Student: 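Please see the structure below; I have some questions.
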Number of protein chains: 4
Amino acid sequence: MDKRQLIIEAAIELFCLNGFDKTSTSAICTKANVSKGLVFHHFKNKNELLREAFATIATVVEEVSGKIDMTGQPKDRLLSLINTIFDSMAQPEHRRLYQFNFNVMMQPSTREIIADLIAERSQFQRGIVGSIFSAISEENSHIRSLLFIAEIDGIAMHYLFSEEEFPLDLIREQFIKKYCEP
Amino acid sequence: MDKRQLIIEAAIELFCLNGFDKTSTSAICTKANVSKGLVFHHFKNKNELLREAFATIATVVEEVSGKIDMTGQPKDRLLSLINTIFDSMAQPEHRRLYQFNFNVMMQPSTREIIADLIAERSQFQRGIVGSIFSAISEENSHIRSLLFIAEIDGIAMHYLFSEEEFPLDLIREQFIKKYCEP
Amino acid sequence: MDKRQLIIEAAIELFCLNGFDKTSTSAICTKANVSKGLVFHHFKNKNELLREAFATIATVVEEVSGKIDMTGQPKDRLLSLINTIFDSMAQPEHRRLYQFNFNVMMQPSTREIIADLIAERSQFQRGIVGSIFSAISEENSHIRSLLFIAEIDGIAMHYLFSEEEFPLDLIREQFIKKYCEP
Amino acid sequence: MDKRQLIIEAAIELFCLNGFDKTSTSAICTKANVSKGLVFHHFKNKNELLREAFATIATVVEEVSGKIDMTGQPKDRLLSLINTIFDSMAQPEHRRLYQFNFNVMMQPSTREIIADLIAERSQFQRGIVGSIFSAISEENSHIRSLLFIAEIDGIAMHYLFSEEEFPLDLIREQFIKKYCEP
DNA sequence: GATGAATGAGAATTCATTCAT
DNA sequence: TATGAATGAATTCTCATTCAT
């Protein structure tokens, strides 16, 4: 019954569905069943609501990271990392969340609003991936990490926005082959 | 002195800079130094202007494709493809164009408007990449093509939107190593 | 001090004076001394405002109907009906209201918006007139009612829109002679 | 192939269908297959086009008047008048024309534009009807004429704008009974 | 904390009309 | 006579935000 939370949840749902710009505060109010005044009582402005929504979503990402098996050999950790990421991507309930992520990050106007949160998360990701890659081999580990993350994002992007089939499982197989069986 | 063209160019510039939604027709008029009426005389909608802008940009992409050296051995063609893409990406005057591309494609509202143009271009890309990959090896060539395109897009995305340095040349080197020297 | 009501009243006044299409929402705002936003806060559309205005006017019509003396003999009731209608028509403060009525009903675009309200009122009128005519004589009472209503509307129309004199009192006399002294 | 005439015809058709205000000059151009410039070359402005259209329609009215049998006895002439009017009203190809007439005359903004043409036609009508009524009986003939015309217009109005059936033939019968068999 | 009336800036779009060719 | 590019004012409507209660 925390109305603040209710508003955030309504906002996330609508931002994911229609994008930030195409979601009016009115629509959020209707969805959350609260008055306009209350939204601006809890949040300084609409931008603040975007930050809050983005931060909430970041939680999901962190939860996913927690599922990586970091106990085995470096190579096994890499495999676990890849599989965890692909599993998360394939989850239908994550689809819109990830789409929203891309949406917000590719839009100059929205990206600006959450620039610091993006940087933070980026560092977090690089930390995890970097630790695995440097354990496998020091050589170029930084570059290899950056490349890996970029490739993953590319795959996610294509998977999330392709209406025609993007065969994620075959892609995963191929991707694993490249990274784990050279 | 073709005002229609002037409008398109102004639109592209502003769409690239601020995104479609954040660019008002008024702003385009001001930039192109024409009246509001003229925009709607030449283009049915703001949407139509987006399509026109997107199509114009597609030309750039096709020009780039023309630069690929398709005469040599399959492996050489792949190398030429990769280098051509990275070269284009690195060109400062292409930066905003490509950013605009991602921006428009990740936004549900704008993506819808140009869905057909996206599909068309996607097929074009797959044709070129597919021909090279199947020449190298029939096995999984389709999947390998899809993966390749996705990875490229991921790299482009990270390069284009990273304010901090994304070392494109080192990434290119690493990427080539993976694809051309196994 | 109810601004919603203020807007409706301003709208009626202007719709009556200039017609619906020729009345801009801005003009209504100015007249009602409210902001543009408020009109659309209270009414979904300009159309909704038309409906509201038309409904308000319908009230006047119903009030008039309440003045008919329904106690006497059928013939007396008919006389009362006719006199009540002509009295209402002749009232200067009703003039614009009735003009607006015709205006809105003869315009395909506006008629459509209030089609249901027109139908409702039409039934109401037919109910009253029909009850009187069938009390006078069952024979053809339905047709005679329709004809009566049409004739009344024709008279109203000519009276309301004639700039040169339309001698309403003599017309009334003649009309009564036809209906009440055959 | 007289383009001027073509424009008028297109205008009439569209004015009848959608009303004057809801018909843009562009629409007329499209329909007449001519350029915007040409319309304003032939007609000073849109209002002039309305006048031209209204005048053209007036011709139809006059043609109808020519069909009245003015040879017989006054009573027979009245009967012929009534029948001619009802016949014309019932013609499907006249329906929109008459609707347009009412539309234009009930709208303050359009009525003003053609005020003189309305007055002219009104006099014409009164002349014909008046001559018949005064031939029947001098007493009150002016008033009886005015009332007759008003009643006819009322009937026309109800017939033309009633979507539900308005039984024109039964109404005609009843109307004739009133006027011709007392 | 909670409401919703109220604001005002700004958006896309329409349209009659002008004018150079 | 004929075209259609060009204008600019006007229109409906949206929306983030404020504020009195």
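Just so it is clear, the structure is predicted and the values come from calculations on it, not from any experiment. Just so you know, these numbers use all the heavy atoms, side chains as well, and skip hydrogens, waters and symmetry mates. Naming: A, B, ... by sequence-line order, numbering from 1 per chain.
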Student: Between F/dT7, E/dT7, F/dT3, which one does the side chain of D/Ser35 approach most closely?
Tutor: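 Between F/dT7, E/dT7, F/dT3, the one nearest the side chain of D/Ser35 would be F/dT3.
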
Student: Please determine whether a side-chain nitrogen or oxygen atom of C/Lys22 lies at a distance below 4.0 Å from atom OP1 or OP2 of F/dA10.
Tutor: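 C/Lys22 to F/dA10 OP1/OP2: no side-chain N or O under 4.0 Å.
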
Student: With a 4.0 Å heavy-atom cut-off, tell me which residues in residues 24-32 of chain A come close to DNA chain F, sorted by residue number.
Tutor: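 Going residue by residue through residues 24-32 of chain A, the ones with a heavy atom under 4.0 Å of DNA chain F turn out to be A/Ser24, A/Thr25.
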
Student: Assess whether atom CD of B/Glu112 is packed by more than 12 heavy atoms of other residues, nucleotides or ligands within 6.0 Å.
Tutor: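 For B/Glu112, atom CD is not crowded (no more than 12 foreign heavy atoms under 6.0 Å).
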
Student: Once you round it to whole Å, what is the distance between P of F/dC19 and NZ of C/Lys3?
Tutor: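 Spelled out: NZ on C/Lys3 to P on F/dC19 is 15 Å.
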
Student: Let me know the distance between CD1 of D/Ile7 and C1' of F/dA2, rounded to the nearest Å.
Tutor: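 Whole-Å distance recorded here is 10 Å.
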
Student: Would you say B/His41 places a side-chain N or O within less than 4.0 Å of OP1 or OP2 belonging to E/dT13?
Tutor: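 So the side-chain polar atoms of B/His41 never come under 4.0 Å of the phosphate oxygens OP1 or OP2 of E/dT13.
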
Student: Using a 3.5 Å cut-off and no angle test, enumerate the donor-acceptor pairs between side-chain atoms of residues 8-18 of chain C and protein atoms at least two apart in sequence or in another chain.
Tutor:
from	atom 1	to	atom 2	distance (Å)
C/Glu13	OE2	C/Lys31	NZ	3.4

Student: For a quick test of reading the model, state the closest non-hydrogen atom pair linking B/Leu160 to B/Gln99 and the distance between them.
Tutor: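 That would be O-NE2, 2.8 Å.
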
Student: Can you tell me if C/His42 touches the phosphate of E/dG4, counting only side-chain N or O atoms and a distance under 4.0 Å to OP1 or OP2?
Tutor: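 Indeed not, no polar side-chain atom of C/His42 lies that close.
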
Student: Roughly, in whole Å, what's the span from CG in B/Asp2 to C1' in F/dG4?
Tutor: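 In whole Å, F/dG4 C1' lies 13 Å from B/Asp2 CG.
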
Student: Has A/Lys46 got a side-chain N or O lying under 4.0 Å from the OP1 or OP2 atom of F/dT14?
Tutor: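 It does not, given that no N or O in the side chain of A/Lys46 lies less than 4.0 Å from OP1 or OP2 of F/dT14.
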
Student: Output the rounded distance in Å from CZ (A/Phe43) to C1' (F/dT17).
Tutor: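 It works out to 15 Å between those atoms.
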
Student: Excluding sequence neighbours, so at least two apart, what forms side chain to side chain donor-acceptor pair (under 3.5 Å) with A/Ser109?
Tutor: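 Partners of A/Ser109 under the side chain to side chain donor-acceptor pair (under 3.5 Å) test: none.
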
Student: Could you say whether D/Gly37 or D/Asp21 is positioned toward the 5' end of DNA chain E, judged by the nucleotide with the nearest heavy atom to each?
Tutor: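 Nearest-nucleotide comparison on DNA chain E picks D/Asp21.
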
Student: May I have the distance from D/Leu6 (atom CG) to F/dA2 (atom P), rounded to whole angstrom?
Tutor: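 Value for this atom pair: 10 Å.
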
Student: State whether a side-chain donor-acceptor pair under 3.5 Å links B/Asn101 with B/Arg96.
Tutor: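 No, no side-chain donor-acceptor pair sits under 3.5 Å.
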
Student: How is the base pairing of DNA chain E summarised as a dot-bracket string, given the Watson-Crick and G-U wobble criteria with both distances under 3.5 Å, [ ] for crossing and | for another strand?
Tutor: .||||||||||||||||||||

Student: Does C/Val34 or B/Asn45 map to a spot on DNA chain E nearer the 5' end, using the closest nucleotide for each?
Tutor: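 This one resolves to C/Val34.
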
Student: Answer whether the closest heavy-atom distance between the side chains of A/Thr110 and A/Phe54 falls below 4.5 Å.
Tutor: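 Answer no - side chains too far apart.
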
Student: In whole angstroms, how far is the P atom of F/dG8 from the CZ atom of B/Phe40?
Tutor: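 The distance from CZ of B/Phe40 to P of F/dG8 comes to 16 Å, rounded to the nearest Å.
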
Student: Identify all side-chain donor-acceptor contacts of residues 32-43 of chain B below 3.5 Å with residues at least two apart in sequence or on another chain.
Tutor:
from	atom 1	to	atom 2	distance (Å)
B/Ser35	OG	B/Leu38	N	3.4
B/Lys36	NZ	B/Ser26	OG	3.2

Student: Quick one: is B/Lys36 getting a side-chain N or O under 4.0 Å of the F/dG8 phosphate, OP1 or OP2?
Tutor: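 For B/Lys36, the contact criterion (side-chain N or O under 4.0 Å from OP1 or OP2 of F/dG8) is not met.
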
Student: How long is the line joining CG of B/Asn33 and C1' of F/dA6, in whole Å?
Tutor: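 So the CG-C1' distance, B/Asn33 to F/dA6, works out to 13 Å.
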
Student: For a 4.5 angstrom cut-off between non-hydrogen side-chain atoms, does B/Asp116 reach B/Arg51?
Tutor: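 Side-chain contact under 4.5 Å: yes.
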
Student: Identify, between C/Leu38 and C/Phe20, the residue whose nearest nucleotide on DNA chain F lies closer to the 5' end.
Tutor: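 Result: C/Phe20.
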
Student: Going by the rule side chain to side chain donor-acceptor pair (under 3.5 Å), which residues pair with C/Asn103 if we only count those two or more places apart in sequence or in a different chain?
Tutor: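 Result, side chain to side chain donor-acceptor pair (under 3.5 Å) vs C/Asn103: none returned.
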
Student: Kindly give the heavy-atom pair with the smallest separation between D/Phe102 and D/Asp153, and that separation in Å.
Tutor: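 Here D/Phe102 and D/Asp153 meet closest at CZ-O, 3.5 Å.
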
